[in-house]
Protein chains: 2
Amino acid sequence: MPASSTLRDRRRLQTGREIQSATLRLALREGFEAITTEMIAAEAGVSLRTFFNYYANKEAALVGRRPEIDPGIIGWFEIASGPLMDDLFEALSRHLDDGHLNRETIRLISTLLERSPELVPIFHASLQKLACQIVSLVTSRLGETARPEAELLAELLSHALGHAIRSWSQSDDMSESEITRLARQHVEKVGALIGYGGEAPSR
Amino acid sequence: MPASSTLRDRRRLQTGREIQSATLRLALREGFEAITTEMIAAEAGVSLRTFFNYYANKEAALVGRRPEIDPGIIGWFEIASGPLMDDLFEALSRHLDDGHLNRETIRLISTLLERSPELVPIFHASLQKLACQIVSLVTSRLGETARPEAELLAELLSHALGHAIRSWSQSDDMSESEITRLARQHVEKVGALIGYGGEAPSR
DNA sequence: CATATATTTGCATGGCATGCAATGTTTGCT
DNA sequence: AGCAAACATTGCATGCCATGCAAATATATG
């Protein structure tokens with residue numbers, strides 16, 4: 001049974017989402033820089049102090065709370081013995097299948113990012129937690145000696161996933177399960193660029 | 001002749017460095033969280049207001065001001081016609097050869113990062129400006145359609161460079177010109193992981 | 001229902017960051 | 001050298017950000 005069985009847990013989740021939603025609504029209406037934490041708290045119907053109980057700052061409220069990769073998935077990965085990339089993307093697929101991704105919310109975020117590109121670094125930073133977990137996965141497979149490469153690979157995968165999720169939010173005819181497929185395509189294109197050169201096209 | 005010909009420019013550079021140095025000194029002595037912008041300003045011998053004329057916040061002062069890639073290098077890249085990776089790393093080599101890298105400063109930063117891993121994201125964020133410039137280089141070569149891959153590749157390269165620079169600061173017998181060589185090695189290992197699989201070792 | 005455990009809230013505090021206008025310094029020109 | 005324009009530094013005032021603490025409120029458990 002998930003941790004959301006108790007009323008308290010459900011409310012906490014709900015309030016977190018309500019604050020994020022309020023932040024997105026206000027940011028789209030007034031511009032992110034123009035809004036204050038007090039406004040957000042008022043819009044979400046909580047006290048300022050409660051706002052800070054949920055998020056460390058405005059930026060965090062924009063991104064919302066992203067759950068960690070389920071220990072069950074990590075356990076599966078450590079047992080799996082396929083090619084590294086196959087197992088990694090399978091683990092990411094299962095993670096996304098948890099259903100904690102709200103298309104409408106991501107769509108709002110994407111809209112905001114297009115209107116205010118200076119916010120993009122906030123979202124890049126929010127991928128760091130995922131990247132960190134991917135590093136754990138990769139080093140559990142390749143050993144500590146491969147940590148430098150694991151960190152680079154994790155950076156690559158998390159950003160590819162972020163990009164794919166934004167693509168998914170934009171096109172209604174893309175299923176959730178295609179996110180990792182798209183991410184993998186991009187990663188493999190990068191692999192080709194690294195591996196085979198990519199000479200300048202004749203002009 | 002560089003832009004540092006005039007006294008004013010030299011002073012601006014000098015003050016910027018002095019503030020960064022003061023920030024590092026204090027952060028190593030007291031811990032980054034424990035110090036205030038007022039302390040930094042006092043230690044650097046400037047007013048608080050001047051501190052904010054140089055850096056937007058404490059974090060930026062820690063990283064210092066990183067110069068952009070010289071337009072001359074960008075021009076060279078756009079004319080070059082070798083394999084993409086060769087030309088990219090050559091451009092990065094030339095950029096680093098500008099000599100704006102102070103080993104002792106980087107060493108202090110590395111020490112600080114080991115003692116306070118929670119600061120690592122600050123440095124990751126500081127690589128974003130470089131990543132952005134790499135995106136420009138890559139799309140100038142491959143065209144706008146390759147932007148998604150260009151962004152991933154840029155992320156990869158900038159992080160690889162960041163890692164290599166930290167390695168360089170730690171070992172006295174590593175020359176500055178070997179930074180890009182090391183970065184490239186790591187990138188190619190990642191390429192191998194992507195391209196050829198990297199099966200789980202038998203246990 | 002009673003108790004233990006979480007959560008929300010208000011208040012007080014101190015750091016962060018910016019605009020503005022006054023003052024001081026450098027530059028380039030005559 | 002002397003002057004005016006451009007630029008840099010500073011103090012002050014202001015308002016937002018973020019946290020600790022303790023009282024009040026809500027939920028869980030038995």
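Scope of the values below: all heavy atoms of this structure, side chains included, with no hydrogens, waters or symmetry mates. In what follows, chains carry the letters A, B, and so on, assigned in the order in which the sequence lines appear, proteins first and then strands, with residues in each chain numbered from 1.
Here dA18(D) is the nucleotide among dG10(C), dA8(D), dA18(D) with the atom lying nearest to any side-chain atom of Phe52(A). Nearest nucleotide to the Ser47(B) side chain, out of dG11(D), dC7(D), dC16(C): dG11(D). The side chain of Arg49(A) lies closest to dT19(D), out of dT19(D), dT26(C), dA6(C). With dT7(C), dT26(C), dT9(C) as the choices, the nucleotide that has an atom nearest any side-chain atom of Val46(A) turns out to be dT9(C). The side chain of Tyr54(A) approaches dT8(C) more closely than any other nucleotide in the set dA18(D), dA17(C), dT8(C).
Between the CD1 atom of Ile40(A) and the P atom of dA18(D) there is a distance of 10 Å, given to the nearest Å. Distance, Glu38(A) CD to dC16(D) C1': 8 Å, rounded to whole Å. Rounding to whole angstrom units, CG of residue Leu7(B) and C1' of dA6(D) are separated by 14 Å. Straight-line distance from the CD atom of Gln14(A) to the P atom of dT8(C): 12 Å, rounded to whole Å. Distance Leu13(A) CG to dA6(C) C1': 16 Å, rounded to the nearest Å. dT7(C) atom P lies 15 Å from atom OH of Tyr55(A), rounded to whole Å. Across the protein-nucleic acid pair, Leu48(B) atom CG and dA13(D) atom P stand 15 Å apart, rounded to whole Å. Atom CZ in Arg11(B) sits roughly 17 Å away from atom P in dC7(D) (whole-Å rounding).
For the residue pair Ser21(B)/Arg25(B), the side-chain donor-acceptor check at 3.5 Å is satisfied.
Taking the six-membered ring where the residue is Trp, His159(A) and His124(A) present perpendicular rings, their angle passing 60° and hence far from 30°.
For the OP1/OP2 pair of dT8(C) and a distance below 4.0 Å, the side-chain nitrogens and oxygens of Thr50(A) include no atom meeting the criterion. In this model, the phosphate group of dA28(D) is approached by a side-chain N or O of Thr6(A) to a distance below 4.0 Å at OP1 or OP2. Phosphate proximity of dG15(C) to Thr37(B): absent, as no side-chain N or O sits under 4.0 Å from OP1 or OP2.
DNA chain D is contacted by both Lys58(A) and Thr15(B); Thr15(B) maps to the nucleotide lying nearer its 5′ end (nearest heavy atom per residue).
Heavy-atom neighbours of Arg66(B) CZ from other residues, nucleotides or ligands within 6.0 Å: above the threshold of 12.
Here Asn53(A) lies in heavy-atom contact (under 4.0 Å) with a base. Residue Thr36(A) is classed as a sugar-phosphate contact, given heavy-atom separations below 4.0 Å to backbone atoms only.
For the pair Arg12(A) and Tyr54(A), the cation-pi test (distance below 6.0 Å, angle within 45°) is failed.
Remark: the Arg8(B) side chain and the dT26(C) base include a donor-acceptor N/O pair separated by less than 3.5 Å.
The shortest distance between side-chain heavy atoms of Leu152(B) and His163(A) does not fall below 4.5 Å.
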